[in-house]
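In what follows, every chain begins at residue 1, and chains take the letters A, B, ... in the order their sequences are listed. Atoms considered below: every heavy atom in the structure, side chains included; atoms not considered: hydrogens, waters and symmetry mates.
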Amino acid sequence: MKIFDTLSRDKKAFVPIEQNKVKIYVCGPTVYNYFHIGNARPFVFFDVVRRYFLYKGYEVTFVQNLTDIDDKIIAQAQKEDVDISKITDKYIKAFFEDTKALNIMPADENPKATDYIQEMIDFLAKLEKLGYAYAVDGDLYFEVSKFADYGKLSCKKLEDLRAGARVEANLSKRNPADFTLWKSSKPGEPSWKSPWSVGRPGWHSECVVMSQDLLGENFDIHGGGVDLTFPHHENEIAQAEAVTGKQFVNYWMHNGFLNIEGEKMSKSLDNFFTARDILKQYDVDTIRFFFLSKHYRSPIDFNKKIMQESKVAIHNFISALNSVDYLANREQIEKSDLLEEEVATFVEAMDDDFNTAKALAVLFGVARKIKKESDSEALRFQAAYTLVHLGRVLGLFSKLEEQIQGLDKTVDETALEGLESQLIELLLSYRNDAKTEKNWALADKIRDDLQKLGLKIVDTKDGARIER
RNA sequence: GGCGACAUCGCCAAGUGGUAAGGCAAGGGUCUGCAAAAUCCUCAUCCCCAGUUCGAAUCUGGGUGUCGCCUCCA
């Protein structure tokens, strides 16, 4: 198994610290809003990483933090004129709801920053004692020039950083690149007592302290979006390695950015979509397929067309399963052997730095085998089992029963309710009568008019069904 | 200005030295009263130029273009 490590800029063979165990830390959300479709990418991707390690027989410890103290949260609380906990409680709850809806496995631990204040203070005191931190007027800074390897993750040199600094120089810092470890609070802001001031910890310290507490001073994988490489992860390394003197993380994994219709997502462009909203328009599998159809390190573009394609792709898988009456034959199908060659190709793709796009191609090949009527039933059953088996490694088919039943929907089973459903059924029966009388004009008119209302008629040998 | 990526069929996307996976769309056939659905078939020499090599989409150099980071950000 090979993983691209941002630090060494190379695909490296994965060697766990402890035999057969893997410890993963992924930067979680700052809980001041519903998370957006761009945030969803790492959440879904690292869920697949985790599922794949489990599939390979590893014991996985998966930690994802919740940043519940931060300037943005404070700003949001002031804006809504409520207590900060009101904001964080609301969006932590929403985070769990939305990740569940995306079929993301719950983390083993979701540490909150506010539960680690004392640990962070202790940690920062160590940094200060070791000479890596200095205090000015109640604020504590990390002195980057003291850490020789600073910049190794993001390939930046201190001189370059200085030259490119666009931020207003903070005069109390010794070097513009020094970052805040502890910040004194203004009246009314949430705060904790510390040796430096009454204040709050900086964002960069929380991930170090929590990950090391739960996973150890050196652990296997640390993940997040590329934008976190600098400064967040760079700063984590500096702090962690300054204190322990040993390597912090063995593999740094960063996913590429998500754009919307070719543009960066932003509130000002009015192209800001929460995962919650997207879930109303597309089902989980469509969304997961969309993310997985491109390699995780590449940028990906979110647009209507690509989502439609993803939807069709998932539909193909489901219709393949439907062609062998998966639900009816489930018991027998799930006793079948897996298609070894396809499984091997899938594993090979995933072993190569989680090449999910290639892995999905295997699923299409398997789907073709399911549908091929010239294949024996036994082979088609094997293929069907293989599709579901591999799909589940990617977190697909979590609602298989519903999806298959969805395809089988006849008019009285649609999501339409009560009278509406009865009226449509009535119209369909008229159309059926018209067809019997070979009154094609009337039959087609009913079909066309229903279509105008967004109801697509699909004729099957067992009668018509409606698709929305 | 500094640093780092990327550029493959109409669109999305694998492929890191041995002769271009897959998906969508499109075109054609079967089926159907017609259509849809379903199903079968067809469909690229890899941004440009110059090198290295028996051989390059894959390596090197130079262009051109796109993007990211350098500031809170997945």
[N]: pairing nucleotide in any strand, Watson-Crick or G-U under 3.5 angstrom:
N: U30(B); value: A38(B)
N: C46(B); value: none
N: G65(B); value: C6(B)
N: U52(B); value: none
N: A57(B); value: none
N: G1(B); value: C70(B)
N: A25(B); value: none

Between [N] and [M], how many Å separate the two [atom1] atoms, rounded to a whole number?
N: G18(B); M: U53(B); atom1: C1'; value: 12 Å
N: G23(B); M: U30(B); atom1: C1'; value: 23 Å
N: G65(B); M: C54(B); atom1: P; value: 35 Å
N: A35(B); M: A44(B); atom1: C1'; value: 32 Å
N: C6(B); M: U16(B); atom1: P; value: 13 Å
N: U8(B); M: A56(B); atom1: C1'; value: 14 Å
N: U42(B); M: C34(B); atom1: C1'; value: 26 Å
N: C67(B); M: G29(B); atom1: C1'; value: 44 Å

Under 6.0 Å from the six-membered ring centre of Tyr251(A) and within 45° of its axis: does the NZ or CZ of Lys12(A) meet both?
->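 So Lys12(A) does make the cation-pi contact.
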
Where the side chain of [X] is defined as all heavy atoms beyond and including C-beta, which of [options] is the nearest nucleotide?
X: Asp444(A); options: G33(B), A14(B), U39(B); answer: G33(B)
X: Arg368(A); options: A74(B), G23(B), A14(B); answer: G23(B)
X: Asp459(A); options: A74(B), A36(B), G23(B); answer: A36(B)
X: Asp227(A); options: A74(B), A36(B), G23(B); answer: A74(B)
X: Arg447(A); options: C34(B), G68(B), A74(B); answer: C34(B)
X: Glu309(A); options: C11(B), A14(B), C34(B); answer: C11(B)
X: Ile306(A); options: A14(B), C12(B), G33(B); answer: C12(B)
X: Ala361(A); options: G33(B), A21(B), A74(B); answer: A21(B)
X: Leu228(A); options: C69(B), A74(B), A14(B); answer: A74(B)

Has [X] got a side-chain N or O lying under 4.0 Å from the OP1 or OP2 atom of [N]?
X: Lys304(A); N: C12(B); result: no
X: Asn316(A); N: G22(B); result: no
X: Asn355(A); N: G15(B); result: yes

Whether Asn103(A) side chain and Gly395(A) backbone form a donor-acceptor pair below 3.5 Å =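 Yes; at least one donor-acceptor contact below 3.5 Å.
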
Sidechain-backbone polar pair: Arg288(A) side chain, Leu394(A) backbone, donor-acceptor under 3.5 Å =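 Present.
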
Interatomic distance where [atom1] belongs to [X] and [atom2] belongs to [N] [whole Å]:
X: Asn235(A); N: C70(B); atom1: CG; atom2: P; value: 12 Å
X: Asn259(A); N: C6(B); atom1: CG; atom2: C1'; value: 13 Å
X: His295(A); N: U8(B); atom1: NE2; atom2: P; value: 17 Å
X: Ile446(A); N: C34(B); atom1: CD1; atom2: P; value: 19 Å
X: His232(A); N: C72(B); atom1: NE2; atom2: C1'; value: 12 Å
X: Leu360(A); N: C24(B); atom1: CG; atom2: P; value: 12 Å
X: Glu263(A); N: G68(B); atom1: CD; atom2: C1'; value: 15 Å
X: Asp301(A); N: A74(B); atom1: CG; atom2: P; value: 19 Å

Would you indicate what [X] reaches in the nucleic acid, counting non-hydrogen atoms under 4.0 angstrom: base, sugar-phosphate, or nothing?
X: Lys438(A); answer: nothing
X: Leu258(A); answer: base
X: Gly224(A); answer: sugar-phosphate
X: His315(A); answer: sugar-phosphate
X: Phe364(A); answer: sugar-phosphate

Does the distance from a Lys or Arg side-chain N to an Asp or Glu carboxylate O, for [X] and [Y], drop under 4.0 Å?
X: Arg431(A); Y: Asp459(A); result: yes
X: Lys452(A); Y: Asp449(A); result: yes
X: Lys445(A); Y: Asp448(A); result: no
X: Lys72(A); Y: Asp70(A); result: yes
X: Arg50(A); Y: Asp47(A); result: no
X: Lys358(A); Y: Asp353(A); result: no

I'd like a list of close polar pairs between nucleotides 26-32 of chain B and the protein, N/O only, cut-off under 3.5 Å.
none

Ring-on-base stacking between Trp440(A) and G33(B), under 5.5 Å between centres and under 30° between planes: is it there?
->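 Aromatic stack with G33(B) present for Trp440(A).
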
Ring centroids of Phe35(A) and A74(B) base under 5.5 Å with planes under 30° |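 So Phe35(A) does not count as stacking on the base.
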
Between Val312(A) and Ala441(A), which is nearer to the 5' end of RNA chain B once each is assigned its nearest nucleotide?
->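 Its nearest nucleotide being more 5', the pick is Val312(A).
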
5' priority, RNA chain B, between Lys305(A) and Arg41(A) [closest heavy atom] |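 It is Lys305(A) whose nearest nucleotide is closer to the 5' end.
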
Rounded to the nearest 0.5 Å, how far does CD1 of Ile287(A) lie from CD of Gln281(A)?
->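 Result: 8.5 Å between the selected atoms.
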
Side chain proximity check, His222(A) to Cys27(A), heavy atoms < 4.5 angstrom |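 In contact.
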
Test applied, side-chain contact (heavy atoms from CB on, under 4.5 Å); reference residue, Tyr25(A); option that passes from Gln64(A), Gln212(A), Met210(A) =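 Result: among Gln64(A), Gln212(A), Met210(A), Met210(A) is the only option passing the side-chain contact (heavy atoms from CB on, under 4.5 Å) with Tyr25(A).
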
